[in-house]
Amino acid sequence: MQRRFNPLEADARWQGVWDEKQSFKASDTSDKPRSYVLEMFPYPSGRIHIGHVRNYSMGDVLARFRRMTGHEVLHPMGWDAFGMPAENAAMEKKVHPGEWTRSNIANMRAQLKKLGFAIDWSRELATCEPDYYGHEQALFLDMLEAGLVYRKESAVNWDPVDMTVLANEQVIDGKGWRSGAPVEKRKLSQWFLKITQFADDLLEGLKGLDQWPDKVRTMQENWIGKSVGLQFRFKPVAPFDSEIEVYSTRPDTIFGASFVAIAADHPIAQQVAAGNAEAQAFIALCKEGGTTAAELETAEKLGFDTGLTVAHPFDPDWHLPVFIANFVLMDYGTGAVMGVPAHDQRDLDFARKYMLAVERVVAADGDEAKPIHDEAYVGPGRLVNSRFLDGMSVEDGKAAVIARAQGEGWGEGKTVFRLRDWGVSRQRYWGTPIPVIHCESCGPVPVPKAQLPIVLPEDITFDVPGNPLDRHPTWKHVDCPSCGKAAVRETDTLDTFADSSWYFIRFASQPKDRPFDRETVEKWLPVGQYIGGVEHAILHLLYARFWTRALQHMGQLGFAEPFTGLFTQGMVTHETYKSPEGAWLAPQDVEKQGDSIVMVDTGAPVTVGRVEKMSKSKKNVVDPDDIIAQYGADAVRWFMLSDSPPERDLPWTESGIEGSWRFVNRLWRLFGQIEAGAEGADKPLDRKLHQTIDGIAKDIEALSFNKAVAKIYELANAVEKAAPSASRNGAIRALALLVAPMTPHLAEEAWADMGETGLIADAPWPTVDPALLVDDEVTIACQVMGKLRDTITVPNGTAKDELERLALAAPNVVRILDGATPKKIIVVPDRLVNLVI
RNA sequence: GCGGACGUGGCGAAAUCGGUAGACGCAGCGGACUUAAAAUCCGCCUUCCCCUGGAAUUGCGGGUUCAAGUCCCGCCGUCCGCACCA
């Protein structure tokens, strides 16, 4: 009778035990070292995706491992529960967004529980509950009071059919993604958070985040987009009468300027167009130009000569033409630039087309000033043809021009950021209501904190377009808190990125009467290890960093960075299949027949496509529920951690999960092999065990789960081959502890089977005997001219001259040397001997 | 175009500081057990050759070194991010 692990029975039983004993409840008062392990909380779409399983399996291994190594671990879970899909579902399925969301949460919670994650469920939260968003409203009011929130007119994408604002990615070819109606630009009064106030600090802070992937830091750096330069004014040459303000990061090249270019929607361009049909036509042309990446790349630099001229700041007799140009953007800098063709590629392309002067003003070091042809020179060098700047470096030249401009009053040094303030107004129902009341006489008035939370009304409808809050018969009508007259509530709700900007703080501390308790939060935060998808590299992580800074700025928290360690895991991928007709096929609709893949029902040949991210449209998805039902949670978790490095994509394969399932059973058989009477030490096995304990601990801390998995296999192989002994029994017991973070149900089952009374989840990580980490015999490579010719086995620490002697005597070395005497002998102790002839 | 990451067997990969390339897993092949299958166990598994051994081999071409997957220079390719940012 074979010992076979019954996962369905064991999974449920141990999950019940952990639940009942509250094994993973984090104590705020423990004096153990603390460890906050967090994975990005999911949007409750209704089903857990295999990518979630990978994400949470990784975090769970770390959380369980840290518990075993004596940490008090906070490993919580919650729901990013506001957002559009709930409203879409409401429109399509006539179900209330709250009902839809809450039932999705219930489903997904059950799915997650089936995976046996070591989560403190007592801290579970959903951002759509007043108990959460009410506190968010309080934080919003704090920010308002601290001057971090303001209201501004801003252009939005307006869908006139759905009567709603669309995000940029919801506008496809200028049309609303749902209604298909042409999208209008509308000016709306919107709420903004002053993220730009922290722009420099957010940029500087990146330098200290050395446990973040460089990739993410670079992406944030580019997003913040700091540039340092000179903002200055060109004086008009009569009859023209307006100054043109431009921004340049290269004021040092000012003597190479040959034109000024303004954006098509620049006020001066508008003035010119007022009496000029040609200019009007050109501006229209600029606007209809595509905005996609490919179009922009190939778009020709086009300009329209306004006939106007301005004077060079250093020479009133030097006149520069003013062009309207399609490559100048109104919303960056001042919407106008000085064109220096020799040192900017776009300006050069433009100058060649309109036959403008190209004069080199920077000479590369050690190089005479060669004329510029098709390529602008943007490198460092000395300034030439630049009057008082001649001979200066680029850096000195910048400083000198800025100093002169400031001294003479026509310009000033200025730092510009690409980062914009964060517009948080959404004209939607399913979000956090913005706690402000608009009063005709008092203006926008903050809701008194005592009146929070402002709860979303339940009785709403989605049968007509527009925001249900706005058309609700009573909800928005309130008295002004300031003057008492009739007023209306703000009907916009907050961007859902606001909800995810502080949930990790609320996890640490959940008082009823305020957002969090500072002292408790500071015990847990910053989050030591945050794990999630790279798709959140910019927005979510930047907003959370801002929000934390805002709290610090307001004196509510004592730290600026919310996440010390960040890890971005790869996607789960799967082969794709297509029928002869070209339709995508699901994995369960195809089967292997000999060397080819065919359709299950018709037997028609299937084309196997590339391995791609799992997506519903390509049907290459597997459902975690099905897999768990078939193999149990542990086999799935094991597979998620095996083979591929966690930052890389993981190809899901049927044979891979089969292999994991086989190994789970192999471990289970092994756990039953403790022999009561076995005695004696097995030194090599002891060594292997202790090296494995040490190695796995390091691998898990480095999140190199694939390497930890490989070491488990090696140890299991070694234990299987070993003869019964006390050492072997010890190794089997230790193996259960080593796999406990990865396959916890199996480990608990084995632990109980071994007669242990406590939970393995509470057991300490096995201790390492440092004496056993080194082998007492080592294999030395014997090389001749760097080529391996033989190996010798010697005691660890054998002296150099002894190694040299033994290597020279090795049979294959003797044969290759053929009597020759080595000119030089390199000996690396415990490693190799290399003979040079 | 700019920035970043990566490139190792049929596949996923490993290789601490430059020191025996391919650990470990998957697939495959051969065998044992079985009436048979599944499960399990044992063995083989980079390529080539004149096979007790030898040669080549970490995308390609150079270089440094006693020694290069690892360091340097130049190409090629794949993926990701940003993008007319002045």
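Scope of the values below: all heavy atoms of this structure, side chains included, with no hydrogens, waters or symmetry mates.
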Nearest-angstrom distance, [atom1] atom, [N] to [M]:
N	M	atom1	result
B:rC24	B:rU46	P	12 Å
B:rA27	B:rC42	P	16 Å
B:rU58	B:rA21	C1'	8 Å
B:rG69	B:rC82	P	37 Å
B:rC17	B:rU70	C1'	11 Å
B:rA67	B:rG77	C1'	29 Å
B:rA13	B:rG22	C1'	9 Å
B:rG18	B:rA38	C1'	50 Å

Please pick, from [options], the nucleotide with the shortest atom-to-atom distance to any side-chain atom of [X].
X	options	answer
A:Thr791	B:rC24, B:rU40, B:rU20	B:rU20
A:Glu714	B:rG54, B:rC66, B:rA23	B:rA23
A:Phe327	B:rU20, B:rC84, B:rC41	B:rC84
A:Asn834	B:rA23, B:rU40, B:rG19	B:rG19
A:Asp643	B:rA86, B:rG12, B:rU20	B:rG12
A:Arg831	B:rC85, B:rU16, B:rA86	B:rU16
A:Met219	B:rC82, B:rG81, B:rA86	B:rG81

- Would you please name every residue forming a ring-ring contact (aromatic ring centres under 6.0 Å, His included) with A:Tyr247, sequence neighbours left out? none

Over how many whole Å does the gap from [X] atom [atom1] to [N] atom [atom2] extend?
X	N	atom1	atom2	result
A:Glu575	B:rC26	CD	P	18 Å
A:Ile792	B:rU20	CD1	P	15 Å
A:Met330	B:rC85	CE	C1'	14 Å
A:Leu641	B:rA13	CG	P	15 Å
A:Leu832	B:rU20	CG	P	7 Å
A:Ile538	B:rG4	CD1	C1'	12 Å
A:Phe567	B:rA5	CZ	C1'	14 Å
A:Glu221	B:rC2	CD	C1'	13 Å

- Item | Contact nearer the 5' end of RNA chain B, comparing A:Lys721 with A:Leu788 | A:Leu788

- Task: With RNA chain B as reference, determine whether A:Lys226 or A:Ser644 sits nearer its 5' end, using the nearest nucleotide of each.
- Result: A:Ser644

Syn or anti for [N] (syn when the glycosidic angle lies within 90° of 0):
N	answer
B:rC76	anti
B:rC17	syn
B:rG54	anti

OP1 or OP2 of [N] less than 4.0 angstrom from a side-chain nitrogen or oxygen of [X], does that happen here?
X	N	answer
A:Tyr332	B:rA86	yes
A:Arg789	B:rG53	no
A:Asn812	B:rU52	no
A:Arg662	B:rC26	yes
A:Thr249	B:rC85	no
A:Arg648	B:rC6	no
A:Arg346	B:rA86	no

Could you check whether [X] gets within reach of a base, just the sugar-phosphate, or nothing at all, counting any heavy atom under 4.0 Å?
X	answer
A:Val828	base
A:Val416	nothing
A:Gln783	base
A:Lys787	sugar-phosphate
A:Thr334	nothing
A:Pro645	sugar-phosphate
A:Asn717	sugar-phosphate
A:Ser642	nothing

Please work out whether the ring planes of [X] and [Y] are parallel, tilted or perpendicular, with thresholds of 30° and 60°.
X	Y	value
A:Phe323	A:Tyr354	tilted
A:Trp668	A:Phe671	perpendicular
A:Tyr713	A:Phe663	tilted

- Please check if the distance between the ring centroids of A:Phe639 and A:Trp652 is under 6.0 Å. yes

Is a salt bridge present between [X] and [Y], judged by a nitrogen-to-oxygen distance below 4.0 Å?
X	Y	result
A:Asp694	A:Lys698	yes
A:Asp214	A:Arg217	yes
A:Glu802	A:Arg805	yes
A:Arg250	A:Asp344	no
A:Glu395	A:Lys398	yes
A:Arg815	A:Asp790	no

- Task: Check whether any side-chain heavy atom of A:Val784 sits under 4.5 Å from a side-chain heavy atom of A:Leu835, and report yes or no.
- Result: yes

- Query: Just checking, any donor-acceptor pair under 3.5 angstrom between side chains of A:Asn665 and A:Arg662?
  - Reply: no

- Looking only at heavy atoms, what is the nearest atom pair of A:Leu685 and A:Arg728, with distance? CD2-CA, 3.6 Å

- RNA chain B: stems of at least 3 consecutive Watson-Crick or G-U pairs, cut-off 3.5 Å? B:1-7 with B:76-82, B:10-12 with B:24-26, B:28-32 with B:40-44, B:46-49 with B:53-56, B:59-63 with B:71-75

- Task: May I ask you to list the residues of residues 691-710 of chain A, by number, that have any heavy atom positioned under 4.0 Å from an atom of RNA chain B?
- Result: A:Asn706, A:Lys707, A:Ala710

